[in-house]
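One is the number of the first residue; the rest follow in order along the sequence.
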Amino acid sequence: MCLLFFFLGTSDPYVKFKIAGKEVFRSKTIHKNLNPVWDERVSLLVETLRDPLYVKVFDYDFGLQDDFMGSAYLYLESLEHQRALDVTLDLKDPQYPEHNLGSLELSVTLTPKEGDVRDATMLLRRNWKRSSKYQSMRLSDVHRKAQLWRGIVSISLIEGHGLQPMDANGLSDPYVKFRMGHQKYKSKTISKTLNPQWREQFDFHLYDEQGGFVDITVWDKDAGKKDDFMGRCTIDLSLLSKEHTHKLDLPLEEGEGVLVLLVTLTASAAVSISDLSVNMLDDPHERHQIKQRYSLWRSFHNLKDVGVVQVKVIRAEGLMAADVTGKSDPFCVVELSNDRLQTHTVYKNLNPEWNKVFTFASSWGSKVARGADSAGYCQTDACHVPLPQIQNGERKAYALKSKELTGPTKGVIFLEIDVIFNAVKAGLRTLIPIEQKYIEEEPRVSKQLLLRNFTRVRRCIMVLINAGCYINSCFEWDSPQRSICAFVLFVVIVWNFELYMIPLALLLPLAWTYMLIASGKDTRQDEAVEDLLEDEDEDFDKDDKDSERKGFMNKLYAIQDVCISVQNALDEVASYGERIKNTFNWTVPFLSWLAIVALGVATIILYFIPLRYIVLAWGVNKFTKKLRDPYTIDNNELLDFLSRVPSDVQVVGEILYVSFFISFLR
């Protein structure tokens, strides 16, 4: 699409395209040019021709509000199919329609799409809006080429002896870093010791059948400054026999002490790549053999071999243009835990076809498919697919999101996934720690992510608050029928309570929700997802309005509101924790004596009276309090008592005030 402009004066113009109020594309900015030529090309999936393409032009101002320079509509119903049409749009200001603000030239071709692209269109409808945000994003990290690992190096970091003291107190805070090729692992930090006990286990993938080297370094953790180096050592895997556990006592070079490790090498061929025409699960005989391998009869044979995942990477549609030519050189990377396989590169294409089959040994997790540009610039395109939710053999279009999976971007990818696993092994696998990622990017501060996480926490807290309000309404007799039913239910449960009722109480809502889902009457999950997406849309709409109106200050205020809420919540939690501590520290002796009396009375009552009767008496009192005194104000005696105990901040403030007052008298 070729864009031309004619204006007087100096400007830095760029163009936004919207359909049905949603931004679908944003051009690059041409700086200080009176006759800008964009020469950009973009393909958009359109749901209906009834919605016109809304074009808005802005003048980019760094750090300030961008200036509106005009807008126009392109009515798609007036275009001819399969024919390139040169269009000139006269830009107008809706508030001053008589003013002539210049013109915009485009070359437009309307091409019909058929088949399963309709599914892609529905997925893209929400993702169009923020595609421009990532249009110009290019990351400098280069993807490693896909490698097939041929074994597993299992390392257990046991302990260290006689490490070098690095701190002024004659001790250290050691942690250990492991590195094998591009794979990394960092242990936890053990504070104030020269003989740390780690007891950590992790696995590396072995790509070279001949072995390799594991580089190990030990560091002393220092808060606020660079960590101190304490020594290094190396493991030569080619010297270790496979299928055998080796105990290694490794002396540290350039330092003092010894590290104790257990190392096991296991041969494996757990991943593979093939063409679409050659894959094992399409062969009925091989598929039957694999199902027999993971049948329930073999549940306790090789517990680490949970199942197999086969991913057919078919093609992608409507990808983001990463190059200045309006094209991309896309390839697809499929990750399952630490397994990572990559397709070939399709050059100069926004609708690539790969037709590759990836096979993984499943450890029961989630799969991530990522798209990237082969020139070494990773586009922020990814989709996340939980393995338990996959329908075997179903070809489906998955909407692409940003690399961090926090926001939508352009394009969809078509995948067909098969998962065959043993349910018993998978269940046992969920009870052990999840496999840690070897390569993780450093977290970055994100306003959008901060606001989203704050909204998620607030939503969870509101569920608890609403449940508490509902229970309190039973005590308040807002609805006599409901309060009577709650009172009878409370008495029956407390009088007949047994421990088995606790798991039963958790089992009943699970069974009820399952029946609703099976009958198709449950929509709460869809509503929750829709609420989350609406929250993201509101954030995106707000970001769009900010860029056109107030911009940076609104974003700053939004972050400030979140920080204030978090700050107040942390203060509340810390204050109650300090008040409990100060009660036992005799900060206020009178209140500590009251606590002694109350705890003594509670001990005597609980010793002589069964707990069932005490709970019944408490419940009867709560239910009848409103009936006995309709104007009573409900309160929590324990929290009221703690509110009288000062927190550490209040204690320090009182000490400073007294010291100042005494100094003033002197």
Would a distance-only check, ignoring hydrogens and angles, find a side-chain to backbone donor-acceptor pair under 3.5 Å from [X] to [Y]?
X	Y	value
D222	K225	no
D220	D173	yes
N585	T587	no
D418	N392	no
N568	I564	yes
Q310	F358	no
D648	E578	no
N472	G468	no
S328	M320	yes
S519	L516	yes

Pair Y398 + F414: ring centers closer than 6.0 Å: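 No.
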
Starting at [atom1] of [X], measure out to [atom2] of [Y] and round the result to the nearest 0.5 Å.
X	Y	atom1	atom2	answer
S187	R199	OG	CZ	13.5 Å
D478	Y470	CG	OH	11.0 Å
I471	E476	CD1	CD	13.0 Å
M501	L507	CE	CG	14.0 Å
K221	K188	NZ	NZ	15.5 Å
I190	S172	CD1	OG	12.5 Å

Test log, rule side chain to side chain contact (heavy atoms under 4.5 Å, CB included), inputs L510 and L506: CA-CA 7 Å; L510 282 171; L506 301 175; 5.7 Å; no

Distance-only side-chain donor-acceptor flag, [X] / [Y], under 3.5 Å:
X	Y	value
E200	S156	no
D227	Y175	yes
N582	R579	no

Within 45° cone of F178 ring axis and under 6.0 Å: K184 NZ or CZ: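 Negative - K184 is either too far from the ring of F178 or too far off its axis.
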
K177 NZ/CZ over W219 ring centroid, <6.0 Å and within 45° of normal: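 Yes; both conditions hold, so K177 lies above the ring face of W219.
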
Worked check of side chain to side chain contact (heavy atoms under 4.5 Å, CB included) between Y54 and F17: CA-CA 6 Å; Y54 185 38; F17 295 83; over 6 Å; no

Stepwise side chain to side chain contact (heavy atoms under 4.5 Å, CB included) test for I413 and V313: CA-CA 8 Å; I413 186 170; V313 182; 4.2 Å; yes

Heavy-atom neighbours of K192 NZ exceed 12 at 6.0 Å: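 Count not over threshold, so no.
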
NZ (K28) with more than 12 external heavy atoms under 6.0 Å: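 Correct, the count exceeds 12.
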
Intermediate values then yes/no, side chain to side chain contact (heavy atoms under 4.5 Å, CB included), F25 and K16: CA-CA 6 Å; F25 178 71; K16 286 186 178 182; over 6 Å; no

Any side-chain heavy-atom pair of S154 and F202 under 4.5 Å: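 With C-beta onward as the side chain, the pair stays apart.
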
R458 side chain reached by F454 side chain, heavy atoms, under 4.5 Å: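 Yes. Closest side-chain heavy atoms under 4.5 Å.
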
